[in-house]
Engineer: 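So that we are looking at the same thing, I have put the structure below in structure tokens.
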Amino acid sequence: MTSSRRILAAALTAGAVALTGCSSAGLLGGDRDDHGCIPSAGFSWSEVKGACVQPFEAGVRLNPVERTGSAVISAFALVSDDGSRAEVWLPESTGSAVLARSGDIWADQSLRLERRSGKLVLSVDGRAKYAEE
């Protein structure tokens with residue numbers, strides 16, 4: 001084996017040893033929350049589903065009603081199977097909020113989710129902030 005090949009082989013071996021010695025917390029999927037969900041893979045615990053979900057896959061995308069700039073940062077809503085509760089994930093919040101159904105709306109102290117013309121609209125403090133497109 002030539003000298004340059006020995007150096008390359010040693011470098012590759014050292015790199016492999018370094019990678020196997022890494023903590024799994026720094027790798028995609030190496031983190032888990034209290035429910036066993038993997039946040040780095042986009043999973044969050046859903047109270048209404050009783051399972052880990054990716055809100056952007058399982059929920060309905062609600063885009064900002066008023067947009068500033070070209071970036072669109074969405075909220076997501078997920079309604080329970082029986083329709084009695086809804087869960088929303090807001091981009092400015094950590095975790096989710098669970099809303100109880102009352103008539104045709106789901107609400108808590110500051111959030112209100114309702115259908116308008118067949119589309120979900122989420123109001124924050126009485127003002128429509130996100131809507132299904």
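What you see below is based on every heavy atom in this structure, not just the backbone, and it leaves out hydrogens, waters and symmetry mates. Small disclaimer: the values here were computed from a predicted structure and weren't measured. Along the sequence shown, residues carry numbers from 1.
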Engineer: Roughly how far, to the nearest 0.5 Å, is OG of Ser44 from CD1 of Ile38?
Structural biologist: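 Interatomic distance, Ile38 CD1 to Ser44 OG, rounded to 0.5 Å: 11.5 Å.
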Engineer: Where is the tightest heavy-atom contact between Ser84 and Ser80, given as atom of each residue plus distance?
Structural biologist: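 The answer is N-OG, 3.2 Å.
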Engineer: Are any side-chain N or O atoms of Arg101 and backbone N or O atoms of Gly103, one a donor and one an acceptor, separated by less than 3.5 Å?
Structural biologist: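 Pair found, side chain donor or acceptor close to backbone of Gly103.
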Engineer: Of all heavy-atom pairs between Gly118 and Glu132, which one has the smallest distance, and what is that distance?
Structural biologist: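 So the minimum-distance heavy-atom pair works out to O-OE1, 4.4 Å.
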Engineer: Please determine whether the number of non-hydrogen atoms from other residues, nucleotides or ligands lying under 6.0 Å from atom CG of Asp104 exceeds 12.
Structural biologist: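 It does not: Asp104 CG has 12 such atoms or fewer within range.
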Engineer: Is a side-chain N or O of Glu47 found less than 3.5 angstrom from the main chain of Glu87, in a donor-acceptor match?
Structural biologist: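 Checking the backbone N and O of Glu87 against the side chain of Glu47, no donor-acceptor pair under 3.5 Å is found.
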Engineer: Mind jotting down which residue pairs meet the salt bridge (Lys or Arg N to Asp or Glu O under 4.0 Å) criterion with at least one end in residues 120-130? Sequence neighbours excluded, please.
Structural biologist: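 Counting only pairs at least two positions apart or across chains, the salt bridge (Lys or Arg N to Asp or Glu O under 4.0 Å) contacts touching residues 120-130 are Glu66-Arg127, Glu92-Lys129.
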Engineer: To which residues is Tyr130 joined in a hydrophobic cluster, defined by side-chain heavy-atom contacts under 4.5 Å among Ile, Leu, Val, Met, Phe, Trp and Tyr, whether direct or through other members?
Structural biologist: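 When side chains under 4.5 Å apart are linked, the cluster holding Tyr130 also contains Val60, Leu62, Val79, Val88, Leu90, Leu99, Trp106, Leu111, Leu113, Leu120, Leu122, Val124.
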Engineer: Tell me whether Ser74 contacts the main-chain N or O of Arg61 through its side chain, where contact means a donor paired with an acceptor under 3.5 Å.
Structural biologist: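 No, because the side chain of Ser74 does not come within donor-acceptor range (under 3.5 Å) of the backbone of Arg61.
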Engineer: What are the two closest non-hydrogen atoms of Ala97 and Asp108, and how far apart are they?
Structural biologist: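 Looking at all heavy atoms of both residues, the shortest contact is CB-OD2, 4.4 Å.
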Engineer: Which atom pairs, donor and acceptor, lie under 3.5 Å between side-chain atoms of residues 48-59 and protein residues at least two apart or in another chain?
Structural biologist:
residue : atom : partner : partner atom : Å
Lys49   : NZ   : Asp81   : OD1          : 2.5
Gln54   : NE2  : Ala41   : O            : 2.7

